[in-house]
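What follows is a single structure, written as structure tokens, with notes after it.
Each ligand, and each atom within it, is numbered from 1 in the order the structure gives.
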Amino acid sequence: MKLGVNIDHVATLRQARGTRYPDTLEAARHCANAGAVSITVHLREDRRHIQDADVYRLKNACPLPINLEMANAEEIIRIALDVKPPEICLVPEKRAELTTEGGLNVIGNFQSLEQTIKRLQDNGSVVSLFIEPDEKIIAASAKTGARVIELHTGSFCDATDPDKAERLLKKLIHGAECAQALGLQVNAGHGINLDNISGILRIPHLDTLNIGHSIIARAVFRGLENAVHEMLAAMNPNGTADFCR
Ligand code: PXP
């Protein structure tokens with residue numbers, strides 16, 4: 001299974017003091033060295049962490065493909081059309097949220113999403129939709145023209161009650177099966193860490209996990225390459241990835 005690393009919180013640390021460091025491109029290079037397959041950045045409308053300059057610089061110099069997370073908002077769409085990242089993940093966005101809460105309302109915003117997806121895909125980007133594991137939402141996602149979905153794993157990952165966690169995991173498993181049957185590539189992300197990864201591995205048909213906060217947090221103590229390596233080893237328990245360089 002492949003790992004995409006979300007480096008938003010490298011930028012959070014930089015923005016906290018208005019410094020030039022830590023550098024998002026340097027972070028991306030470490031992730032590449034450690035075996036990640038892509039780098040995700042979320043250009044939020046409030047620019048709380050990733051800035052426009054990060055996106056352009058990463059697109060031009062990052063050794064890995066960029067997955068641009070973004071809202072379906074005209075200002076950000078224009079930037080995406082200019083940058084042409086290989087991958088784009090459309091997410092819902094609320095100003096006051098701490099992180100992306102819930103998945104896209106694909107059914108309620110179908111027409112607008114369909115138009116945006118066409119513009120972005122005609123421009124050369126592969127578009128994925130960040131959604132809850134709900135059969136109707138998955139079916140609507142397939143109809144938008146998107147070829148990829150990212151299942152929102154946040155509720156499962158944050159659940160402390162084992163019965164509730166199991167129920168939420170079953171929904172993710174069923175969602176992945178529905179998406180696969182519709183020919184969609186299935187990614188997953190949000191809230192994944194070394195404690196809950198074993199549950200995530202029970203979800204079938206997963207192509208890529210997009211993981212940010214827990215890896216960047218772990219990097220404080222272990223270094224970024226080791227943190228990426230540890231996650232890759234946990235994601236591929238029967239593989240040959242070294243636990244730590
Ligand atoms: N995938 C999507 C669509 C997200 O919005 C986020 C959070 O920015 C992530 C993955 C990564 O989540 P986390 O930082 O909790 O690993």
Problem - Side-chain heavy-atom pair L224, C31 within 4.5 angstrom cut-off - result: yes

Practice task
Indicate yes or no: at least one non-hydrogen side-chain atom of L129 is less than 4.5 angstrom from one of E150.
Solution key: no

Quick check: does [X] get an N/O under 3.5 Å from an N/O on ligand 1?
| X | answer |
| --- | --- |
| E69 | yes |
| H213 | yes |
| C89 | no |

Answer yes if the side chains of [X] and [Y] hold a donor-acceptor pair under 3.5 Å, and no otherwise.
| X | Y | value |
| --- | --- | --- |
| N72 | S112 | yes |
| Q15 | H49 | no |
| N67 | T40 | yes |
| E177 | H205 | no |

Exercise for the section: Using atom types as modelled and distance alone, determine if a side-chain donor or acceptor of E26 lies under 3.5 Å from a backbone N or O of P22. Expected result: no

Practice task
For ligand 1, note which part of E150 has a heavy atom under 4.0 Å away: side chain, backbone, both or neither.
Solution key: side chain

Per-atom contacts of ligand 1 with [X], taking only distances under 4.0 Å to non-hydrogen atoms:
| X | result |
| --- | --- |
| G191 | 12 (O), 13 (P), 15 (O), 16 (O) |
| V91 | 3 (C) |
| F130 | 2 (C), 3 (C) |

Problem - Close approach of S214 to ligand 1, heavy atoms, under 4.0 angstrom - result: no

Completion exercise
Closest to atom 7 (C) of ligand 1 by heavy-atom distance, out of R44, H190, M231, is H190

